[in-house]
Undergrad: 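Take this structure, written in structure tokens, and hold onto it; I'll ask about it next.
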Amino acid sequence: MELPKTYTPQDYESDIYALWEKSGAFEPKGKGNSFSVVVPPPNANASIHIGTALTLALQDIAIRYHRLRGDKALFLPGADHAGFETQAVFEKRLAKEGKSRFDFTREELYQQIWDFVAENRANFEKQFRQLGASVDWSHFTFTLDDKIVKRAYQTFKKMWDEGLIYRGERLVNFCTFHGTAFADIEVEYQEEQGKLWYINYPLTDGSGAITIATTRPETMLGDTAVAVHPDDTRYENFIGKTVKLPLTNREIPVLADDFVDVKFGTGAVKITPAHDPNDFEVARRHDLPFIQIINHEGRITGEAPEEFRNLTVGQAREAVLRALKEAGNIDKEKYISHSVGHCYKCGTVIEPLIMNQWFVDMQPLAKPAIKALKEGKIKFYPKAKCDQLIAYLENLRDWNISRQIAWGIPIPAFQNVDQQDDWIFDERVTEEIIEVNGKTYRRDPDVFDTWFSSSSWPYATLDYPDSDDFKQFYPLSLMETGGEILYPWVSRMLMLGLYITGEIPFKEVYIHGYVMAEDGSKMSKSKGNVVSAPEIIEKYGADALRLGIIAGRAPAVNRGYDKRKVEDGRNFCNKLWNIARYIESQTKSEQKGKTDPISSADHWLLAKLATAGQGITKDLDSYRFSEAYDKLYHFVWDELADWYIEASKTSSNPGLLASVLEATLTLTHPFAPFVTETIWQTFPEDNNDDNSLLATSKWPKIAKADQNKAAEFEAIKAIVSECRDIIASIGANKPTLYYTESDLLANNAKLITKLAGLAAVSQVRDGEGLRLTQTIENCWLDVDANAYKKQLEAKLAEQDSIIEKLEARLSNPSYVKNAPHAVVEQTKQQLEEAKAQQAKLAAEHDRFNH
RNA sequence: GGGUGAUUAGCUCAGUUGGCUAGAGCACCUCGUUUACACCGAGGGGGUCAUAGGUUCGAGUCCUAUAUCACCCACCA
């Protein structure tokens, strides 16, 4: 097949992926060890962004590498219903149509979102294919699939039975815009400029007033106490007294509690149990009443005085301040910087509200997880992430798993209509009302937090507990994911994995950094700096995107998208393409079997290939993706293309060329699957069908090279490089290289002539011209030596400083005494070489002084 | 307030357990179309490795401070 001059990925990629799929190349078939990765399921509704491309690229490299190694590799794809996320997107769409979620029942809403997600799912799967992700589609799992829902129910039941689940009236983080509660971890805190108001609360006995400081004056309507620190002498006499709460006619106590920070504000704190987490705890300790003055819509309730009712929180703040000012209760106000929780989706300020919700008691789950981490059962890349995770788990609070949205897995719990605290577990969630033992129960209208069900992902997708998949592939070999879900997802998978299966869910965790925008800032739609993965693929090809995005990227380090790296990637693919084009043109007539190295270049190349292959293998075994790519790049470009292929134009070994090409393509395949497979498919049909796909071929075993012959080529390279250097620096035109006695030059005259761009290499009786100094051969380049004087002087100076440093090191007795023998020997050798070098340079330089 | 990471060439970044005369790609300069490739080839310039101390025969690499930036955590009323 005649290949065009330039590789055009658009013409091949989709066909190649179809070929892989049709051939079942991605089914776990290897006979070796199991190697399993599940894709952290992206939102089924969203278009693939560049961060997903990075994740898939890294995982796919690992999977393809292990597949080529002969491992039984499972790459399991999935998609996430992403409960709240997706509902929020859907609500935006409803809003555009002038509708809202309140126009529908939960069931109607659920059905509509289901259809909405189904529409977008095709798009999502297409993008997986575009990126070349070698996933086994037969294992595709959606987070609302029956088996995932069932697993969530069984987990909930087990926790229920074992007392880890409780229903409690607690303060939860509530978004009044979206009408749902969140887990602590979902709240986004921002540092904001606010005001701190100092308000006088007069003592009931008329003996004065106590001044409290607050950033939320409107919540005073729900105050049920004032707290001071027990050791705070300023307030000693106030403890036990009562104050008259302004704007209301309630009397509330002044009490002492350790939590108060004497240095903050006035050292006296208003206690609003229903709207502040701290105050909630204080109230529980002191048995204070809870007065809810803000409702789920973010408006003031009937518990407040008439004039404030139904105002929004913002309006109420102004009204309260105005009323307090009129009454003369405001002492002063000042600006303060404090952090405020927001809904991560809409930015609405999170209201802490008291609600009845399902909570998971986390301590019993966290402890075994901490133990496993401390025992090093899971290897982390980078290591520091393990310690971070331990710190997180050690401070974990109970997890609110109820969400007041439609799009999610219904919580399988029913409440006795006649007895509020009688809850039962039942999976008949399609029923609203059920009868059990003659009693009537109503279903909890809430759904699970998405993370509750997805925390079972590693074993639920593998059909825990009895399937072959589970037995073969659990625990997963690798969990590769972004740092942003280390806490919400990785930590919970670990806890639930240990809780349900008794085993860690994965053996290794690799955390990648974010792909930032080109300017290094975070990508966001509103800033308009989002980099589109499909556009990059369209322009440069999927391989270029994969290479560009992994190049030079260390684990867990955020880095901006860099177009230049993608261009490098494209150029690299094109280089490979042309290497293949050249080699295929040289191997038209079949040279089967004759792959033995003959020339020194052959041996040299095999040695280099072996070094590169070993290095790449080692790097990939420890997920050093970028380092592996770097080694590959330089082997292909510098050694294979620039030296070996150029040398092969003088004396070609077609059989070896062909086999080197195969090995190179295999080494490259995990990184750039499309171009390598495309080239592979241009090879003449093999009778052996097993080898018809590169994707399922074998990681290369490299033939042994003769080190002496390889060294001979190094000597040739040194001569060629020096000739090129001299020619370039003095602008000579095709000089001749003379030698007196040299087998090396005699045997490789043609090669050196060609590589160095000489007129000829020829033997003479006496050398003339400029003597080469970088080789032990006696040879002279036929150029005006005087023109090279300056360069020689510069080189001499360089040698002098090298020698000086080496001598200083060797004359240091403690160095010779303490450094390892090999290092000292190496230094000695370096010094010898440097001296020899200097002698040659000096001799050559001396000739100009006559 | 606590924690983690970063700080290396004009730009984006590598640099594994301390042995480096500190690397890559891009950009820049000079030369070049030799029948794989201009998405190319040959050659070149460019860095007191943030700062200050310390450990060591030896530090970009380890330790301690400091500065700047980024992110994460926390019950700053």
Side-chain angles (χ1 to χ4, degrees), chain A residues 3 5-7 185 189 196 212-216 219 227 259-261 263-266 268-272 276-282 336-339 382 384-385 387-388 391-392 395 397 483-484 486-487 513-514 516 518 520 522 540 544 551-554 556-565 567-586 618-619 622 624 626-627 630 633-634 641-642 645-646 649 721 724-729 731 754-757 798 801-802 805-806 809 812-820 822-824 826-827 830 834:
Chain A
L3 300 178
K5 262 177 118 169
T6 307
Y7 173 59
I185 199 158
Y189 287 91
L196 191 60
I212 58 88
T214 181
T215 53
R216 297 201 58 189
T219 62
F259 105 96
V260 179
D261 177 359
K263 281 178 287 203
F264 192 91
T266 62
V269 192
K270 61 193 274 306
I271 301 298
T272 320
D276 181 278
N278 273 323
D279 298 2
F280 181 86
E281 295 300 326
V282 172
I336 183 180
S337 173
H338 62 146
S339 80
K385 290 291 163 187
D387 298 331
Q388 271 174 251
Y392 171 76
N395 297 304
R397 292 166 47 172
E484 76 280 12
L486 180 66
Y487 299 152
Y514 304 113
M516 311 298 271
E518 296 205 64
K522 255 196 178 143
Y540 298 103
R553 189 177 280 274
V557 176
N558 298 342
R559 225 186 63 211
Y561 166 74
D562 191 345
K563 188 178 143 195
R564 295 171 308 188
K565 289 256 192 292
E567 283 171 354
D568 292 348
R570 175 205 53 190
N571 295 353
F572 180 66
C573 292
N574 191 242
K575 191 75 186 177
L576 266 180
W577 183 257
N578 277 289
I579 287 169
R581 235 159 55 91
Y582 176 75
I583 293 181
E584 288 188 35
S585 76
Q586 298 300 302
K618 209 174 148 201
D619 283 340
S622 50
R624 298 165 57 82
S626 144
E627 291 82 351
D630 191 63
Y633 182 97
H634 289 289
D642 289 345
I645 289 189
E646 290 310 313
K649 287 174 182 173
S721 289
R724 284 171 173 175
D725 176 19
I726 293 167
I727 292 168
S729 64
K754 161 108 175 134
L755 290 180
E798 201 184 322
S801 87
I802 290 172
K805 275 182 198 164
L806 291 172
R809 202 181 296 169
N812 178 348
S814 22
Y815 171 72
V816 181
K817 200 177 119 201
N818 296 321
V823 174
V824 178
Q826 192 191 341
T827 308
Q830 281 170 348

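Proteins come first, then strands; the chains are lettered A, B, ... in the order of their sequence lines, and each starts at number 1.
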Undergrad: Please state whether the base of rA70(B) and the side chain of Lys522(A) form at least one donor-acceptor pair under 3.5 Å?
TA: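 Donor-acceptor pair under 3.5 Å: no.
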Undergrad: What stems, by residue range, does RNA chain B take part in, given at least 3 consecutive Watson-Crick or G-U pairs under 3.5 Å?
TA: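 Stem segments, range with range: B:1-7 with B:67-73, B:10-13 with B:23-26, B:28-32 with B:40-44, B:50-54 with B:62-66.
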Undergrad: Quick one: Asn558(A) CG to rU7(B) P, roughly how many Å, whole number?
TA: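 Value for this atom pair: 13 Å.
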Undergrad: With sugar-phosphate meaning primed atoms plus P, OP1 and OP2, does Val260(A) contact a base, only sugar-phosphate, or nothing at under 4.0 Å between heavy atoms?
TA: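 If one applies the 4.0 Å heavy-atom cut-off, Val260(A) turns out to touch a base.
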Undergrad: Could I get a table of every N or O pair under 3.5 Å where one atom is in the protein and the other is in nucleotides 9-12 of chain B?
TA:
from, atom 1, to, atom 2, distance (Å)
rC11(B), O2, Arg564(A), NH1, 2.9
rC11(B), O2, Arg564(A), NH2, 3.1
rU12(B), O4', Arg564(A), NH2, 2.8
rU12(B), O2', Asp562(A), OD2, 3.3
rU12(B), O2, Lys565(A), NZ, 3.3

Undergrad: Which heavy atom of Tyr514(A) sits nearest a heavy atom of Gly483(A), and at what distance?
TA: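 Nearest heavy atoms, Tyr514(A) then Gly483(A): OH-C, 4.4 Å.
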Undergrad: If you measure from the C1' atom in rC69(B) to the same atom in rA77(B), how many Å do you get, rounded?
TA: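 31 Å, rounded to whole Å.
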Undergrad: Kindly say whether Ala268(A) contributes a backbone atom to a donor-acceptor pair with the side chain of Thr266(A) at under 3.5 angstrom?
TA: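 It does hold such a pair.
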Undergrad: Checking contacts here: which listed nucleotide (rU4(B), rC26(B), rG19(B)) is nearest the side-chain heavy atoms of Ala384(A)?
TA: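 Of the candidates, rU4(B) comes closest.
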Undergrad: Whole angstroms only, please: what is the CD-C1' distance between Glu627(A) and rU17(B)?
TA: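 To the nearest whole Å, that distance equals 15 Å.
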Undergrad: Starting at the 5' end of nucleotides 39-48 of chain B, put B wherever the base has a protein heavy atom under 4.0 Å, S where only the sugar-phosphate does, and a dash everywhere else.
TA: BSSSS-----
Undergrad: Mind checking the C1' distance from rC49(B) to rC20(B)? Whole angstroms is fine.
TA: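 About 11 Å, rounded to a whole number of Å.
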Undergrad: Suppose you measure atom P in rU35(B) against the same atom in rG41(B); what distance do you get, rounded to whole Å?
TA: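 Their P atoms lie roughly 15 Å apart.
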Undergrad: Looking at every strand, decide which applies to Ile645(A) at a 4.0 Å heavy-atom threshold: base, sugar-phosphate, or nothing.
TA: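 The answer is base, as Ile645(A) lies within the cut-off (heavy atoms under 4.0 Å) of a base atom.
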Undergrad: Do Asn578(A) and Arg581(A) pair up side chain to side chain, a donor and an acceptor below 3.5 Å, judged on atom types alone?
TA: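 Checked: Asn578(A)/Arg581(A) side chains pair up, N/O donor to acceptor below 3.5 Å.
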Undergrad: Of the options rU21(B), rU4(B), rC26(B), whose atoms approach the side-chain atoms of Glu798(A) most closely?
TA: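 Of rU21(B), rU4(B), rC26(B), rU21(B) is nearest to the side chain of Glu798(A).
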Undergrad: Rounded to the nearest 0.5 Å, what separation is found between the CG atom of Asn574(A) and the NZ atom of Lys5(A)?
TA: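 Output value for this atom pair is 10.5 Å.
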Undergrad: Just how far is it from atom CD of Glu281(A) to atom CD1 of Ile271(A), taken to the nearest 0.5 Å?
TA: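 Between atom CD of Glu281(A) and atom CD1 of Ile271(A) there are 11.5 Å.
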Undergrad: Pick the closest RNA chain B nucleotide for Ala551(A) and for Ser814(A) by heavy atoms, then say which residue is nearer the 5' end.
TA: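 Counting from the 5' end, the first nearest nucleotide belongs to Ala551(A).
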Undergrad: Could you check how far CD1 of Ile336(A) sits from P of rC76(B), rounded to whole Å?
TA: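 Atom-to-atom, Ile336(A) to rC76(B), this comes out as 10 Å.
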Undergrad: When you match Gly265(A) and Asn818(A) each to their closest nucleotide on RNA chain B, which lands nearer the 5' end?
TA: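 Going by which nucleotide is closer to the 5' end, it is Asn818(A).
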Undergrad: Quick check for you: to the nearest 0.5 Å, what is the distance between Lys565(A) atom NZ and Arg559(A) atom CZ?
TA: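 So the NZ of Lys565(A) and the CZ of Arg559(A) are separated by 5.5 Å.
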Undergrad: Kindly give the heavy-atom pair with the smallest separation between Lys270(A) and Ile212(A), and that separation in Å.
TA: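 Where Lys270(A) meets Ile212(A) most closely, the heavy atoms are CD-CD1, 3.7 Å.
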Undergrad: Please test Glu646(A) against Lys649(A) for salt bridge (charged side-chain N to carboxylate O under 4.0 Å, His left out), starting from the C-alpha separation and ending with a verdict.
TA: CA-CA 5 Å; Glu646(A) 290 310 313; Lys649(A) 287 174 182 173; 3.2 Å; yes
Undergrad: Rounded to whole angstroms, how far apart are CD on Gln830(A) and P on rC20(B)?
TA: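 Between P of rC20(B) and CD of Gln830(A): 8 Å.
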Undergrad: If you round to the nearest 0.5 Å, how far is NZ of Lys385(A) from CG of Asp387(A)?
TA: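 Going from the CG atom of Asp387(A) to the NZ atom of Lys385(A) covers 11.0 Å.
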Undergrad: Please examine the side chains of Tyr815(A) and Val824(A), heavy atoms only from C-beta on, and report whether any two atoms are closer than 4.5 Å.
TA: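 Result yes, sub-4.5 Å side-chain heavy-atom pair found.
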Undergrad: Reckon Ala268(A) touches a base, only the sugar-phosphate, or nothing at all at heavy-atom distances under 4.0 Å?
TA: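 Here Ala268(A) touches the bases of the nucleic acid.
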Undergrad: Suppose you measure atom P in rG3(B) against the same atom in rG10(B); what distance do you get, rounded to whole Å?
TA: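 Nearest-Å result for rG3(B) against rG10(B) at atom P: 34 Å.
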Undergrad: What integer distance in Å separates Lys805(A):NZ from rC57(B):C1'?
TA: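 Whole-Å distance recorded here is 17 Å.
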Undergrad: When rounded to the nearest Å, what value does the distance between P atoms of rG2(B) and rA24(B) take?
TA: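 Per the computed distance, 42 Å lies between those P atoms.
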Undergrad: Taking 4.0 Å as the cut-off, does a side-chain nitrogen or oxygen of His338(A) come that near to OP1 or OP2 on rA77(B)?
TA: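 Looking at the OP1 and OP2 atoms of rA77(B), one of them is under 4.0 Å from a side-chain N or O of His338(A).
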Undergrad: Please round to the nearest 0.5 Å and tell me the distance separating atom CD of Glu627(A) and atom CG of Asp630(A).
TA: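 With rounding to 0.5 Å, CD (Glu627(A)) is 8.0 Å from CG (Asp630(A)).
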Undergrad: What nucleic acid atoms does Pro813(A) come within less than 4.0 Å of, heavy atoms only: base, sugar-phosphate, or nothing?
TA: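 It contacts nothing in the nucleic acid.
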Undergrad: Sticking with atom P, work out how far rG46(B) lies from rU64(B), rounded to a whole angstrom.
TA: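 The same atom, P, in both gives a distance of 36 Å.
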Undergrad: How close or far is atom P of rC73(B) from atom OH of Tyr392(A), stated in whole angstroms?
TA: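 Answer to the nearest Å: 9 Å.
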Undergrad: How far, in whole Å, is rU16(B) from rG60(B) if one measures between their P atoms?
TA: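 Straight-line distance between the two P atoms is 13 Å.
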Undergrad: If you look at every strand shown and take non-hydrogen atoms under 4.0 Å, does Arg624(A) touch a base, only sugar-phosphate, or nothing?
TA: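 Contact class for Arg624(A): base.
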Undergrad: To the nearest Å, how far apart are Lys385(A) NZ and rG5(B) C1'?
TA: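 For the pair Lys385(A) NZ and rG5(B) C1', the rounded distance is 8 Å.
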Undergrad: Start with the C-alpha gap between Arg570(A) and Tyr7(A), add the side-chain angles, then the distance that decides, and say whether side-chain contact (heavy atoms from CB on, under 4.5 Å) holds.
TA: CA-CA 9 Å; Arg570(A) 175 205 53 190; Tyr7(A) 173 59; over 6 Å; no
Undergrad: Does NZ in Lys563(A) sit with more than 12 non-hydrogen atoms of other residues, nucleotides or ligands closer than 6.0 Å?
TA: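 Check fails, neighbour count at 12 or below.
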Undergrad: For rC26(B) versus rG19(B), give the span between their P atoms, rounded off to a whole number of Å.
TA: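 Taking atom P in both rC26(B) and rG19(B), they lie 28 Å apart.
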Undergrad: Please classify the nucleic acid contact of Phe280(A) as base, sugar-phosphate, or nothing, using heavy-atom distances under 4.0 Å.
TA: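 Counting heavy atoms under 4.0 Å across all strands, no contact is made by Phe280(A).
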Undergrad: Arg581(A) CZ to rA36(B) C1': how many Å, rounded?
TA: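 It is 5 Å, rounded to the nearest whole Å.
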Undergrad: Measure from the side chain of Lys5(A), starting at C-beta and using heavy atoms only, and say which of rG25(B), rA38(B), rC57(B) lies closest.
TA: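 So the nucleotide nearest the side chain must be rA38(B).
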Undergrad: Show, in sequence, the C-alpha distance, side-chain angles and deciding distance for Ile336(A) and Thr215(A), and conclude whether the side-chain contact (heavy atoms from CB on, under 4.5 Å) test is met.
TA: CA-CA 9 Å; Ile336(A) 183 180; Thr215(A) 53; 4.1 Å; yes
